[in-house]
**Q** 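Sending over a structure as structure tokens; questions will come in a sec.
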Amino acid sequence: MTLLSIQDTPFVVKLSFDKYIEAMEQDPSESQQALLEEVALHPELRTGITELAGIEPHLELMSRLLADFFPKGLTHNEIKALSIPYTNTIFNHTERFKAILTAAGDSFKMDIRGFGEHQFYVLSCCLILNQYYGTQLDFGKPLFYDIPMQNGVAKHYRIMYNGDYLEIEPNPHASKLSPEEIDLLINNFDDLELWKEKFPPKSWTLKGFALMTLFDATTENAVSIFKEKLLKLNANDFQTSIESIFQSIYRTADLQVGITLYHPEEHTFGITTLGQPIKSFILPDVQQRADQEVLCADSYRRLVEEKRSYVVSDVPGFQAHDPENVLLNRFLAQDGKSFILAPIVRNDVLLGVLEVVSPRPKDFNSINVNKLDEVIPFLTDTIERLISELRDRVQVVIQEKFTTIHSSVYWKFRAEAQRLIYNRQLGLGSGTTEIIFPEVYPLYGQIDIKGSSEARNQSIQQDFSTQLHRIFPILEQMKDVFENIDQEKKMVRGYLNALSLPLQASTEQQISNYIETRIHPLFHAVKDPVTGALIENYFKCTDEKTGSFHISRRRYENTVAIINDEVAKILDQEQLHAQKIFPHYYERFKTDGVEHNLYIGASISPKRHFDFTKLHELRLWQLRTLVKMEIAHHRLKPHLPYPLAVTTLLLSYHSAITIRFRMDEKRFDVDGSYNARFEIAKKRIDKANIKNTTERITEADKVTIVYTNATEYEEYLSHIQTLRTENLLAAETEHLEVEDLVGLSGLKALRMKIIHTTS
């Protein structure tokens with residue numbers, strides 16, 4: 001078996017002590033002279049050993065020959081051995097090295113961390129380039145052995161090689177490289193076939209030996225220090241700290257660093273906003289842009305698709321061959337003559353791109369980009385942390401402005417989130433505990449737009465009638481050009497007749513589908529300029545925002561929006577006062593009108609004392625607010641596009657219920673079949689009639705209070721009297737029985753006229 005454990009290599013390896021023996025022969029001591037005479041009996045120690053089996057017979061002699069490098073007094077201190085670099089051929093270990101390997105166990109294999117056959121081959125070639133061709137390729141990066149102790153915990157050892165006694169020589173079939181070929185190689189680290197073409201396997205001889213020394217760097221290696229620095233970063237010093245670190249790594253004082261975030265959902269790049277602006281070379285105009293807009297085809301493939309680094313060593317040179325390249329032109333405009341774009345990836349998701357930029361060509365290449373391999377994982381952690389902090393701040397805004405998690409119950413969500421985070425840190429289960437508020441009293445109210453469905457249907461009928469009347473004369477002009485126009489005219493007349501009757505549920509869809517699939521294709525086929533002008537004007541009228549074929553629907557929708565906005569504004573303003581009575585959960589919805597739910601009880605605000613006087617106060621507040629909302633609509637009504645009326649309803653429920661936050665719908669709902677009666681009542685009560693009549697319990701200009709028992713009846717009579725003293729309600733009170741509904745019976749109602757002359 002050869003010395004090399006990796007067979008695919010540009011080297012023929014010979015373990016030789018020729019260079020060392022030559023140095024010893026210059027001025028040998030008496031003891032060395034005797035040793036040299038003994039060595040002379042084994043010429044293979046000078047000519048070179050190529051097989052592992054050839055080492056064993058000479059181990060004792062080798063040990064004596066190299067005794068100066070392995071002092072006995074340090075054998076239990078130093079971790080040292082003879083080695084062929086980048087291989088598993090290691091022998092003549094110190095006693096401490098032997099002890100470490102013994103503790104690791106027989107199954108342990110000495111493999112350099114992250115050092116594969118590809119990397120071994122290319123770096124072997126780089127040795128040749130530096131020693132034989134005089135290049136100064138800086139391919140060095142920390143090399144480590146991860147060696148387990150007896151307890152299974154791995155310790156990390158930094159590897160140092162002394163290669164003073166190594167020689168590299170070309171074999172007869174070695175290629176002679178030109179400067180252009182060398183430039184091509186150093187810009188194509190990943191192209192293994194190219195390296196093999198220029199440095200064929202076994203075309204060079206690596207002769208000699210190396211001294212390998214290990215240093216225990218488990219707690220003191222440079223990467224750990226770098227990680228520690230990154231962990232201390234914050235948004236305010238991020239730019240300065242990162243640039244100084246990379247300037248140290250690449251020993252370049254004027255190197256610049258940028259970071260551009262990536263949004264995978266939208267396939268766009270965006271600027272970082274981590275407390276202060278972070279420079280972006282990809283987006284110098286700080287505008288979010290699509291990934292394929294800012295990257296060239298090659299960089300897009302490398303960064304976005306393959307999530308691998310993209311390096312341009314000579315931007316002016318590459319740009320001269322590709323003058324339309326948007327990415328190269330962008331870097332040139334910012335004095336970037338050489339750059340690295342390194343993807344920041346977590347769980348195969350591209351978070352962003354690290355930009356390392358130099359004002360000089362050839363500062364970076366596909367070889368020294370590998371220096372980032374040990375840096376990027378820790379930088380990824382830092383970027384992820386800073387992004388997470390930003391998301392947390394965004395989440396606070398979202399919670400405050402846009403979600404249904406009301407401030408009165410936010411404390412419980414926060415406590416649950418903290419519990420989840422704590423459990424994850426301890427490695428415990430991360431299941432979510434349901435958010436439940438037991439023993440709360442519900443209140444429901446609504447301002448409903450009366451006749452909204454009829455008004456909507458009328459607006460649809462008016463708009464379709466206008467559109468069909470415009471279509472008919474255009475069809476008349478087309479009869480000499482197209483066949484079957486009479487059939488289309490007959491269809492239009494039929495739909496006009498249908499629109500003169502009450503609108504059926506399917507009529508709107510039928511007419512819309514007919515116009516889109518039959519009429520519009522005919523219009524698009526017209527070539528006659530006179531008819532074409534009519535058709536052009538027709539299509540202008542189809543615009544939903546400005547066209548005349550949508551006038552009535554826009555008037556209806558505007559009317560509903562105006563009413564909803566006005567009454568919702570009053571409700572939200574009054575809510576600020578209601579929360580002072582007692583903190584409670586509040587939510588409202590806009591449909592054809594505005595409805596709201598209130599839930600009050602000790603479980604929602606456990607630090608405050610709750611008693612029924614708070615519930616009574618809140619019920620009075622609700623009744624007063626609903627009356628104010630109706631009065632506001634009454635004043636608004638003469639100015640509405642459609643003079644739509646509203647009805648006002650309040651539903652009181654005598655029993656406490658439990659509400660549960662539904663994670664799938666991100667909203668609260670009542671919990672349990674018994675409590676569901678309240679939800680059934682909310683959905684059905686506004687369409688209910690007075691018992692044994694066809695009259696609705698709600699009526700315009702009046703407020704209706706639905707209740708369930710005598711206690712509520714007495715309470716609301718008191719509230720009604722209070723509002724009468726405030727000149728909000730008329731003196732007469734109607735006492736109503738509500739018809740039996742599916743799942744509900746025995747409901748009663750009070751109905752009072754609202755006074756609209758009050759100031």
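By convention here, the first residue in the shown sequence is residue 1.
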**Q** Is the closest side-chain heavy-atom distance between L211 and L82 below 4.5 Å?
**A**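 Side-chain contact under 4.5 Å: yes.
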**Q** Heavy-atom distance under 4.5 Å between the side chains of P10 and P201, does that happen here?
**A**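 No. Closest side-chain heavy atoms not under 4.5 Å.
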**Q** Using a strict 4.0 Å threshold on nitrogen-to-oxygen distance, state whether K207 and E169 make a salt bridge.
**A**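 Salt bridge: no.
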**Q** Give a yes or no on whether the ring-centroid distance for F189 and H118 is below 6.0 angstrom.
**A**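 Yes; H118 has its ring centre under 6.0 Å from that of F189.
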**Q** Can you tell me if K362 has over 12 outside heavy atoms packed within less than 6.0 Å of its NZ?
**A**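 No, not enclosed.
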**Q** Looking at every heavy atom in both M212 and S83, which two are closest together, and how far apart are they?
**A**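 Between these two residues, the closest heavy atoms are CB-CB, 3.9 Å.
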**Q** Minimum heavy-atom separation for D254 and P359, please, with both atom names.
**A**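 It is OD2-CG, 3.3 Å.
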**Q** Would you please test T213 and N162 for side-chain contact (heavy atoms from CB on, under 4.5 Å) and show each step?
**A** CA-CA 8 Å; T213 305; N162 182 329; over 6 Å; no
**Q** Charged N to carboxylate O under 4.0 angstrom, D363 versus K337?
**A**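 Here D363 does not pair with K337 in a salt bridge, since their nearest N and O are not under 4.0 Å apart.
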**Q** Going by atom types alone, do T260 and E355 pair a side-chain donor with an acceptor below 3.5 Å?
**A**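 There is such a pair (donor and acceptor under 3.5 Å, judged by atom type) between the side chains of T260 and E355.
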**Q** So, is the end of the K80 side chain (NZ or CZ) under 6.0 Å from the ring centre of F97 and within 45° of the ring's axis?
**A**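 No, K80 and F97 do not form such a contact.
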**Q** Could you check whether S203 and N171, counting side-chain N and O atoms only, form a donor-acceptor pair closer than 3.5 Å?
**A**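 Checked: N171/S203 side chains show no N/O donor-acceptor pair below 3.5 Å.
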**Q** What pair of heavy atoms forms the shortest contact from A290 to T268, and how long is it?
**A**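 Distance-wise, the nearest heavy atoms are CA-CG2, 4.0 Å.
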**Q** Supply the atom-to-atom distance L214 CG to E78 CD, rounded to the nearest 0.5 angstrom.
**A**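 That separation rounds to 11.0 Å.
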**Q** Would a distance-only check, ignoring hydrogens and angles, find a side-chain to backbone donor-acceptor pair under 3.5 Å from N370 to S366?
**A**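 Present.
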**Q** Please report the C-alpha distance between L184 and L194 in whole Å, then the side-chain angles of each, then the deciding distance to 0.1 Å, and finally whether the side-chain contact (heavy atoms from CB on, under 4.5 Å) criterion is met.
**A** CA-CA 9 Å; L184 181 64; L194 176 65; 3.9 Å; yes
**Q** Are the side chain of H550 and the backbone N or O of K545 linked by a donor-acceptor pair below 3.5 Å?
**A**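 Answer holds: no.
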**Q** Just by distance, do the side chain of T542 and the backbone of F539 share a donor-acceptor pair under 3.5 Å?
**A**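 Yes, because the side chain of T542 sits within donor-acceptor range (under 3.5 Å) of the backbone of F539.
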**Q** With a 3.5 Å distance limit and no angle check, can you tell me whether Y133 reaches the backbone of L177 through a side-chain donor-acceptor pair?
**A**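 Yes, Y133 side chain to L177 backbone: donor-acceptor pair under 3.5 Å.
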**Q** Measuring from L101:CG to I90:CD1, what's the distance to the nearest 0.5 Å?
**A**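 Interatomic distance, L101 CG to I90 CD1, rounded to 0.5 Å: 7.5 Å.
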**Q** K198 and S175: which non-hydrogen atoms are nearest, and at how many Å?
**A**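 Result for this residue pair: O-CB, 3.7 Å.
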**Q** Can you measure from OH (Y121) to SG (C126) and round to the nearest 0.5 angstrom?
**A**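 So the OH of Y121 and the SG of C126 are separated by 12.0 Å.
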**Q** Taking NE2 in H321 as the centre, count heavy atoms belonging to other residues, nucleotides or ligands within less than 6.0 Å. Is the count above 12?
**A**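 No.
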**Q** Side chains of D191 and N188: do they bring a donor and an acceptor to under 3.5 Å?
**A**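 There is no such pair (donor and acceptor under 3.5 Å, judged by atom type) between the side chains of D191 and N188.
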**Q** Treating T9 as the side-chain partner and F11 as the backbone partner, does any N or O pair qualify as donor plus acceptor under 3.5 Å?
**A**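 Checked: pair present.
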**Q** Determine whether V353 and I344 make a side-chain contact, defined as any pair of heavy atoms from C-beta on separated by less than 4.5 Å.
**A**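 With C-beta onward as the side chain, the pair stays apart.
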**Q** Within the structure provided, determine whether L327 and C296 are in side-chain contact (heavy-atom separation under 4.5 Å).
**A**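 SC-SC contact between L327 and C296 confirmed.
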**Q** Minimum heavy-atom separation for I159 and F144, please, with both atom names.
**A**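 Heavy atoms of I159 and F144 come nearest at CD1-C, 3.8 Å.
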**Q** If we only count heavy atoms from C-beta on, is the E324 to Q319 side-chain gap below 4.5 Å?
**A**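 The answer is no; the side chains never approach within 4.5 Å.
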**Q** Within the distance-only criterion (no hydrogens, no angle test), does the side chain of K19 pair as donor or acceptor with the backbone N or O of D164 below 3.5 angstrom?
**A**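 The answer is yes, because a donor-acceptor pair under 3.5 Å joins these two groups.
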**Q** For K307 versus D348, what's the shortest heavy-atom pair and its separation?
**A**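 That would be CE-O, 3.1 Å.
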**Q** Ring-plane angle category for W204 and F199, please: parallel below 30°, perpendicular beyond 60°, tilted otherwise.
**A**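 If you compare the ring of W204 with that of F199, the planes turn out tilted.
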**Q** Given the rule in the side-chain contact (heavy atoms from CB on, under 4.5 Å) test, do V304 and L350 qualify, once you have shown the distances and angles that lead to the verdict?
**A** CA-CA 7 Å; V304 179; L350 182 64; 4.3 Å; yes
**Q** Among residues at least two apart in sequence or on other chains, which ones pass ring-ring contact (aromatic ring centres under 6.0 Å, His included) with F331?
**A**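 ring-ring contact (aromatic ring centres under 6.0 Å, His included) list for F331, sorted by chain: F281, F339.
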**Q** Could you tell me if T135 and N130 have a donor-acceptor pair between their side chains, going purely by distance under 3.5 Å?
**A**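 Per modelled atom types, N130 and T135 side chains form a pair under 3.5 Å.
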**Q** Tell me whether R554 contacts the main-chain N or O of G547 through its side chain, where contact means a donor paired with an acceptor under 3.5 Å.
**A**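 Flag set: sc R554 to bb G547 pair under 3.5 Å.
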**Q** Determine whether V345 and T380 make a side-chain contact, defined as any pair of heavy atoms from C-beta on separated by less than 4.5 Å.
**A**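 Not touching, per the 4.5 Å side-chain cut-off.
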**Q** Do F269 and H263 have ring centroids that are under 6.0 Å from one another?
**A**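 So the answer is no for these two rings.
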**Q** Got Y161 and L143 here, is their nearest side-chain heavy-atom distance under 4.5 Å?
**A**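 Counting from C-beta outward, Y161 and L143 do come under 4.5 Å.
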**Q** Can you list everything that forms a side-chain contact (heavy atoms from CB on, under 4.5 Å) with D565? Sequence neighbours excluded, please.
**A**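 Once residues adjacent in sequence are excluded, the partners of D565 under the side-chain contact (heavy atoms from CB on, under 4.5 Å) criterion are K590.
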**Q** Using only atom types and a distance under 3.5 Å, with no angle test, would you say the side chain of H267 pairs donor to acceptor with the backbone of Y262?
**A**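 Answer holds: no.
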**Q** With no hydrogens and no angle check, is any side-chain donor or acceptor of S299 less than 3.5 Å from a backbone partner on L295?
**A**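 No, because the side chain of S299 does not come within donor-acceptor range (under 3.5 Å) of the backbone of L295.
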**Q** Step by step, would you call V122 with L192 a side-chain contact (heavy atoms from CB on, under 4.5 Å)?
**A** CA-CA 7 Å; V122 174; L192 181 58; 4.3 Å; yes
**Q** Side chains of V257 and V357, heavy atoms from C-beta outward: is any pair under 4.5 Å?
**A**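 Contact flag for V257/V357 side chains = no.
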**Q** I'd like to know if the side chain of N347 and the backbone of V349 have a donor-acceptor N/O pair within less than 3.5 Å.
**A**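 Not a single qualifying donor-acceptor pair exists.
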**Q** Is a salt bridge present between R302 and D190, judged by a nitrogen-to-oxygen distance below 4.0 Å?
**A**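 A salt bridge links R302 with D190.
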**Q** Kindly assign one of parallel, tilted or perpendicular to the pair F364 and Y250, based on the angle between their ring planes and the thresholds 30° and 60°.
**A**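 Taking Y250 first and then F364, their aromatic rings stand perpendicular (interplane angle over 60°).
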**Q** OG of S313 to CG of D183: how many Å apart, nearest 0.5 Å?
**A**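 Separation between the atoms: 8.0 Å.
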**Q** Starting at CG of L372, measure out to CG of L354 and round the result to the nearest 0.5 Å.
**A**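 One gets 6.5 Å once the value is rounded to the nearest 0.5 Å.
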**Q** Could you tell me the separation between the CG atom of L303 and the CG atom of L341, rounded to the nearest 0.5 Å?
**A**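 Here the interatomic distance stands at 5.5 Å.
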**Q** Between E305 and R301 (salt bridge meaning N to carboxylate O under 4.0 Å), is one present in this structure?
**A**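 Salt bridge flag = no for R301 with E305.
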